[in-house]
Student: 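Let me begin by handing over the structure; questions about it come next.
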Amino acid sequence: MTAPRLKAIRNLGIIAHIDAGKTTLTERILYYTGRTHKMGEVHNGAAVMDWMPEEQERGITITAAVTTCQWKGCVINIIDTPGHVDFTIEVERSLRVLDGAIGVFDAVSGVEPQSETVWHQADKYRVPKLAFINKMDRMGANFGAALSSLREKLGAHPLVLTIPWGEEEHFQGVIDLLSLKAIKWREETLGVTFEELEIPAGYQDQAAAAREALVEAVAEVDDEVMEVYLAEQPLTVEALKAGIQRATLALKGVPAYCGSALRNKGIQPLLEGIKDFLPNPTQVPPIVGQNPKTGKIESRPPENDMPLAALAFKIMVDQGQRLTYVRIYSGTLKFGQEVYNSIKQTTEKVARILRMHANKREPIEEAQAGTIVALLGLKATSTGDTLCSRQNPIVLEPISSYVPVISLAIEPVTRDDQERLGPALERVCEEDPSLKVHTDEDTGQTLLSGMGELHLEVIIHRLEREFHAHVRAGRPQVVYRETIASRVEETGGFDRELAGKRHFGEVKLSLAPRPRGAGNSFESRLPAGHPAQGLAPLIAQAVTEALEGGAVYGHPAVDLSVTLTDATVREGQTSEMAFRVAAMTAVKQGLHRGHPQLLQPIMKVEIIAPEEFTGEVMGDFASRKGKVEHLLAKGPVRLISGLAPLSEMFGYATSLRSLTQGRGTFTLQFDHYGYVER
C-alpha cells in the first residue's frame with residue numbers, strides 16, 4: 001500500500017467498560033472494511049484482536065492491539081483497548097498517541113465505572129470522540145436512558161445521528177438522521193449489505209423530531225449553524241456535517257450512533273462518522289516538546305519533510321523479538337535509519353518497520369508523519385521515550401504511569417525457574433510500566449506489585465506460558481503508605497571522626513501533612529548567601545530517600561511538605577555525607593514525632609445485583625468496612641456504589657456470586673489512600 005496522504009489518516013482508539021462490546025465492534029469494522037475475511041467472535045476465543053492465550057481464555061482484552069484498515073479512501077489505524085480497570089495503563093498510553101476515540105456503551109447499563117475513567121482519560125489528552133450505543137437488541141435496552149447517562153455522568157453533549165428502529169427483540173436497524181432514511185441490514189450477508197428504505201410510518205414523527213433536535217444541538221455549539229438556524233434558512237446536509245465536525249474537533253459535541261455489533265447492525269454509519277467527523281493528523285494541534293539543548297519549547301507540525309519526532313508508547317516481546325510501537329508525529333522514518341533517543345541520549349538503528357494487524361506483521365519500507373507502526377532493532381528505548389534526529393533533538397511529554405496498589409510474594413519452584421525468573425520479570429516490567437518488582441529487605445521475598453488481582457494473575461500465567469518460569473505465589477498483600485497528622489520541627493545532626501577526618505552537618509527541617517493525593521514537596525528557606533545554600537539539592541535528595549523508606553511502618557511516606565529552615569556548617573569539617581545523614585535523621589525523627597498514620601488504598605466499588613438480594617449484598621459490603629454512597633434502581637437490578645478498603649475486598653467475587661446466585665457483578669477501582677481504621 002502506498003503511503004497514505006495525511007488527510008486520509010484516522011488514528012483512533014476504541015474505549016469502554018469491560019464487556020461493552022469493544023472487540024466485537026472492532027471485528028465488524030475489520031470485516032466490513034475488507035481487512036479480514038472471517039468474523040471472529042470473543043465468546044468462542046476467535047477474535048482477531050484478542051490474540052493472547054490469556055485473552056482468549058477469559059474473553060476479555062488485556063493488551064491494546066493495533067491494526068489498520070481502509071474505508072472509502074480513509075486509512076484507519078485502530079487500537080482496541082482493554083476495558084478492565086487493572087489494565088488501564090494500556091488505555092492511558094494508547095490515548096496519548098491517538099487523535100480520536102470511539103466510546104462504546106451498553107444500551108442497558110449506559111455509562112459504567114470504567115467508561116467514566118477512560119472517557120476522562122481521553123478528555124485529559126483532548127481527544128475528540130464518537131459514541132456508539134451498543135447492544136440495542138438486548139432485553140432492557142433503552143437508547144434515551146443511555147444518552148441521558150452520557151450527559152449526566154460524562155458531561156457530554158451528544159449529537160444523535162442515528163436512532164434505533166425498534167428496541168430489544170424488535171430492533172431491526174437504524175434511522176439515519178442525516179439522510180432521513182431507514183437502514184436495514186441483510187442477515188444472510190452478515191451485515192455487509194444493507195437497504196436504505198423510506199422511514200416506516202410509525203417512526204416518521206420521531207425521526208423528524210430527532211432531526212430537529214440534532215440541528216438544535218449542533219446550533220448550540222457551532223456559530224455557523226446557529227446563524228443559519230436563527231435566520232430560519234434551509235440547512236444543507238453538507239453544512240450540518242461541517243458543523244458537526246467543527247463541534248467534535250473542538251470537544252463541544254459527541255456524534256452518537258446506535259446499533260448491535262453482535263447482530264451486525266449499525267456499523268457502517270459509524271464508519272462514515274469516523275471518516276467525516278474524527279480528525280486527521282493535520283486537524284490536531286502540532287505536538288510540542290522541549291529542545292534538550294536550548295531548553296526552549298518547540299512544535300513539530302505533522303509534515304513529512306519536518307525533522308523526525310516520534311513517541312514510543314508500548315514495548316512488546318513477540319516471537320522472541322522486541323517490538324517498539326511508535327506514533328510518528330513529524331518527519332519520515334526509513335528502514336535501516338539511525339534514530340536518536342533524546343531521553344536515553346543514545347542512537348539506535350531501525351532494523352525493520354512493521355505495520356501491525358494484532359499480532360500479524362506487514363514489513364514496510366518507510367513510515368510517514370501521522371502513522372502508528374512497530375519497529376524492530378531498538379534495544380534501549382522504553383515506554384515514553386522520544387525518537388528524533390540528533391541534529392534536531394526534542395523531548396516530548398512522557399506517558400504518565402500508575403502507582404501499584406497490590407503486591408504478591410513470588411518464588412521460583414525449581415533452580416531452572418530461578419534462572420529464568422529474573423530475565424522474565426525484567427521483560428514483563430519493561431512491557432508494562434504499571435508493574436513493579438522489588439525485594440523486601442526484611443524477608444528477602446520477591447514482591448510483584450500491580451493494579452489488581454486479575455493483573456497479577458495474568459502476569460503469573462504469562463511467566464509460566466511464555467517464559468517457562470514457574471512460580472509459587474503467596475496471598476496478595478496491600479501496598480500501604482504512611483504519613484503524619486501534625487506539623488513538627490526537627491533537628492538532625494552528624495558529628496563524627498572517620499578515617500582521621502571530622503565530619504559535621506546539622507539541618508533543621510519542618511515536616512507538615514498535606515491533603516490526600518497531594519504528594520510530597522520540598523522547599524528550602526535558607527536566606528540568600530547562606531553558607532549551606534549549595535547543599536540544598538543534596539539535602540532534598542536525602543529527604544526523598546528517607547521518605548521512600550518510611551520510618552515507623554517501613555512503607556513509603558506520602559503527602560508531606562518538608563521545609564529546610566536552617567543548616568549549620570563548620571569550616572573544614574562540613575561534608576556531603578554528614579549532611580545526608582543529618583537530613584535523613586531529621587526526617588525519621590519527624591515521622592516518629594508527628595503522630596504517624598498508616599494509609600491504605602481505598603477503592604471505588606460499584607456493585608450490580610438483582611433487587612431481591614440488595615439487603616444481603618449491602619450487609620456484606622458493610623461488614624467489609626464499606627461505605628455506601630449511592631443506591632440506584634436500574635430496572636430489575638440495583639446499582640450500589642461506595643468506597644471500601646482494598647484489604648477487605650480480596651475474594652469478593654466469590655462472596656458476591658454466592659450471595660446473588662451468580663447474578664451479581666462488581667467493579668473495583670483505586671480512588672485514594674485513606675487512614676487505616678483501628
Student: Please round to the nearest 0.5 Å and tell me the distance separating atom CD1 of I410 and atom CG of L456.
Tutor: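 The distance works out to 9.0 Å.
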Student: Please check if the number of heavy atoms outside R514 that lie under 6.0 Å from its CZ is greater than 12.
Tutor: yes
Student: Please answer whether the main-chain N or O of T544 pairs with a side-chain N or O of N520 as donor and acceptor at a distance below 3.5 Å.
Tutor: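 Side chain of N520 to backbone of T544: no pair is present.
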Student: Can you find a side-chain donor-acceptor pair between K344 and S382 that sits under 3.5 Å?
Tutor: yes
Student: For N11 and L98, indicate whether the former's side chain and the latter's backbone hold a donor-acceptor pair under 3.5 Å.
Tutor: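 Not confirmed, N11 side chain does not pair with L98 backbone.
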Student: Taking all heavy atoms of D417 and all of H470, pick out the closest pair and write down the distance.
Tutor: OD1-N, 3.2 Å
Student: Should L12 and L130 be marked as a side chain to side chain contact (heavy atoms under 4.5 Å, CB included) after you check the CA-CA gap, both sets of side-chain angles, and the distance that decides it?
Tutor: CA-CA 10 Å; L12 62 98; L130 306 182; over 6 Å; no
Student: Quick one: pull up CG in L509 and CG in L564 and give me the separation to the nearest 0.5 Å.
Tutor: 6.0 Å
Student: Measure across G505 and A582 and return the closest heavy-atom pair with its distance rounded to 0.1 Å.
Tutor: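 Of all heavy-atom pairs spanning G505 and A582, the closest is O-CB, 3.7 Å.
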Student: Return the minimal non-hydrogen interatomic distance between A156 and W119, and the atom names on each side.
Tutor: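 Taking every non-hydrogen atom into account, CB-CZ2, 4.2 Å.
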Student: Does any non-hydrogen side-chain atom of L311 lie less than 4.5 Å from one of T386?
Tutor: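 In contact.
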Student: Is any side-chain heavy atom of L448 closer than 4.5 Å to a side-chain heavy atom of I460?
Tutor: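 Yes, side chains in contact.
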Student: Taking side-chain contact (heavy atoms from CB on, under 4.5 Å) as the definition, give me every residue that meets it alongside P398, ordered by chain and number, with sequence neighbours left out.
Tutor: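 By the side-chain contact (heavy atoms from CB on, under 4.5 Å) rule, P398 matches no residue at all.
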Student: Can you list everything that forms a side chain to side chain donor-acceptor pair (under 3.5 Å) with R472? Sequence neighbours excluded, please.
Tutor: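 Counting only residues at least two positions away or on another chain, R472 forms a side chain to side chain donor-acceptor pair (under 3.5 Å) with E411.
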Student: Under a 4.5 Å cut-off applied to non-hydrogen side-chain atoms, are Q541 and R580 in contact?
Tutor: yes
Student: Please find the pair of heavy atoms, one from F105 and one from A131, that lie closest to each other, and give the distance.
Tutor: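 Closest heavy-atom pair between F105 and A131: CE1-CB, 4.0 Å.
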Student: Partners of I608 by side-chain contact (heavy atoms from CB on, under 4.5 Å), sequence neighbours excluded?
Tutor: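 If we apply the side-chain contact (heavy atoms from CB on, under 4.5 Å) test to I608, skipping adjacent residues, the hits are V637, L639, T665.
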Student: Could you tell me whether a side-chain N or O of S149 sits under 3.5 Å from a main-chain N or O of V111, the two making a donor and an acceptor?
Tutor: yes
Student: My understanding is that only residues two or more places apart in sequence, or in another chain, count here; which of them pass side-chain contact (heavy atoms from CB on, under 4.5 Å) with A512?
Tutor: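 With sequence neighbours excluded, A512 shows a side-chain contact (heavy atoms from CB on, under 4.5 Å) to R487, S561, given in chain and number order.
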Student: List in chain and number order the residues that pass salt bridge (charged side-chain N to carboxylate O under 4.0 Å, His left out) with R96, two or more places apart in sequence or in another chain; answer none if no residue qualifies.
Tutor: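 Partners of R96 under the salt bridge (charged side-chain N to carboxylate O under 4.0 Å, His left out) test: none.
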Student: Should we say atom NZ of K508 is surrounded by more than 12 heavy atoms from elsewhere, each under 6.0 Å from it?
Tutor: no
Student: Strictly by modelled atom types, are S655 and R624 linked by a side-chain donor-acceptor pair under 3.5 Å?
Tutor: yes
Student: Taking the side chain from D559 and the backbone from G519, do they hold a donor-acceptor pair closer than 3.5 Å?
Tutor: yes
Student: For T660 and F613, what are the C-alpha separation, side-chain angles and deciding distance, and is it a side chain to side chain contact (heavy atoms under 4.5 Å, CB included)?
Tutor: CA-CA 6 Å; T660 60; F613 302 114; 4.0 Å; yes
Student: Can you check whether L591 reaches P596 side chain to side chain, under 4.5 Å on heavy atoms?
Tutor: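 Contact flag for L591/P596 side chains = no.
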Student: Output all residues satisfying side chain to side chain donor-acceptor pair (under 3.5 Å) with S524, sequence neighbours left out; order by chain, then residue number.
Tutor: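 If we apply the side chain to side chain donor-acceptor pair (under 3.5 Å) test to S524, skipping adjacent residues, there are no hits.
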Student: If you measure from CD on Q589 to NE2 on H592, what distance do you get to the nearest 0.5 Å?
Tutor: 9.0 Å
Student: Would you tell me whether H595 and S486 have side-chain atoms, one donor and one acceptor, within less than 3.5 Å of each other?
Tutor: yes
Student: Of all residues at least two apart in sequence or in a different chain, which pass the side chain to side chain donor-acceptor pair (under 3.5 Å) check with T381?
Tutor: N341, E348
Student: Check each of L598, L599, T483 against H555 using the side-chain contact (heavy atoms from CB on, under 4.5 Å) test, and report the only one that passes.
Tutor: L598
Student: Distance from M649 atom CE to M603 atom CE, nearest 0.5 Å?
Tutor: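 Those atoms lie 8.5 Å apart.
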Student: Do you know which two heavy atoms are closest between V543 and A583, and how far apart they sit?
Tutor: CG2-CB, 4.4 Å
Student: Taking the side chain as C-beta and beyond, is there a heavy-atom pair between F621 and I607 under 4.5 Å?
Tutor: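 Yes; the side chains approach each other to less than 4.5 Å.
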Student: Within 45° of the ring axis of Y329 and under 6.0 Å from its six-membered ring centre, is that where the NZ or CZ of R327 lies?
Tutor: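 Judged by the rule, R327 and Y329 form a cation-pi pair.
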Student: Taking only residues two or more places apart in sequence or in another chain, which ones pass ring-ring contact (aromatic ring centres under 6.0 Å, His included) with Y652?
Tutor: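 Partners of Y652 under the ring-ring contact (aromatic ring centres under 6.0 Å, His included) test: F666.
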Student: R516 and D671: salt bridge (Lys or Arg N to Asp or Glu O under 4.0 Å), yes or no, with the steps?
Tutor: CA-CA 11 Å; R516 291 286 74 78; D671 190 79; over 6 Å; no
Student: Only counting residues at least two apart or in another chain, list the ones meeting salt bridge (charged side-chain N to carboxylate O under 4.0 Å, His left out) with E464.
Tutor: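 For E464 there are no salt bridge (charged side-chain N to carboxylate O under 4.0 Å, His left out) partners, ignoring immediate neighbours.
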Student: Does a side-chain heavy-atom distance below 4.5 Å link L560 with V587?
Tutor: no
Student: Is it true that, when you exclude E576 itself, more than 12 heavy atoms of the residues, nucleotides or ligands shown sit nearer than 6.0 Å to its CD?
Tutor: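 For E576, atom CD is not crowded (no more than 12 foreign heavy atoms under 6.0 Å).
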Student: Do you know which two heavy atoms are closest between V605 and A644, and how far apart they sit?
Tutor: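 Shortest heavy-atom separation between V605 and A644 comes out as CG2-CB, 4.1 Å.
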Student: State whether the number of non-hydrogen atoms from other residues, nucleotides or ligands found under 6.0 Å of R525 atom CZ is greater than 12.
Tutor: no
Student: Under a 4.5 Å cut-off applied to non-hydrogen side-chain atoms, are T324 and D385 in contact?
Tutor: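 Not touching, per the 4.5 Å side-chain cut-off.
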Student: At what distance, to the nearest 0.5 angstrom, does CD of Q600 lie from OH of Y675?
Tutor: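 If I round to the nearest 0.5 Å, the distance is 12.5 Å.
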Student: Within the 3.5 Å criterion, strictly below it, is a donor on S641 or E606 matched to an acceptor on the partner's side chain?
Tutor: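 No, no side-chain donor-acceptor pair sits under 3.5 Å.
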Student: How far apart are the C-alpha atoms of R427 and E466, what are their side-chain angles, what is the distance that settles it, and do they pass the salt bridge (Lys or Arg N to Asp or Glu O under 4.0 Å) test?
Tutor: CA-CA 11 Å; R427 190 75 62 79; E466 293 177 33; over 6 Å; no
Student: Would you please name every residue forming a ring-ring contact (aromatic ring centres under 6.0 Å, His included) with F132, sequence neighbours left out?
Tutor: none
Student: Of all residues at least two apart in sequence or in a different chain, which pass the side-chain contact (heavy atoms from CB on, under 4.5 Å) check with M618?
Tutor: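 Per chain and number, M618 pairs via side-chain contact (heavy atoms from CB on, under 4.5 Å) with T614, V628, L631, I640.
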Student: Could you list the residues that satisfy side chain to side chain donor-acceptor pair (under 3.5 Å) with D566, not counting sequence neighbours?
Tutor: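 Only H530 meet the side chain to side chain donor-acceptor pair (under 3.5 Å) criterion with D566.
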Student: Quick check for you: to the nearest 0.5 Å, what is the distance between L526 atom CG and T563 atom OG1?
Tutor: 11.0 Å
Student: Going by heavy atoms in the side chains, are V676 and Y480 under 4.5 Å from each other?
Tutor: yes
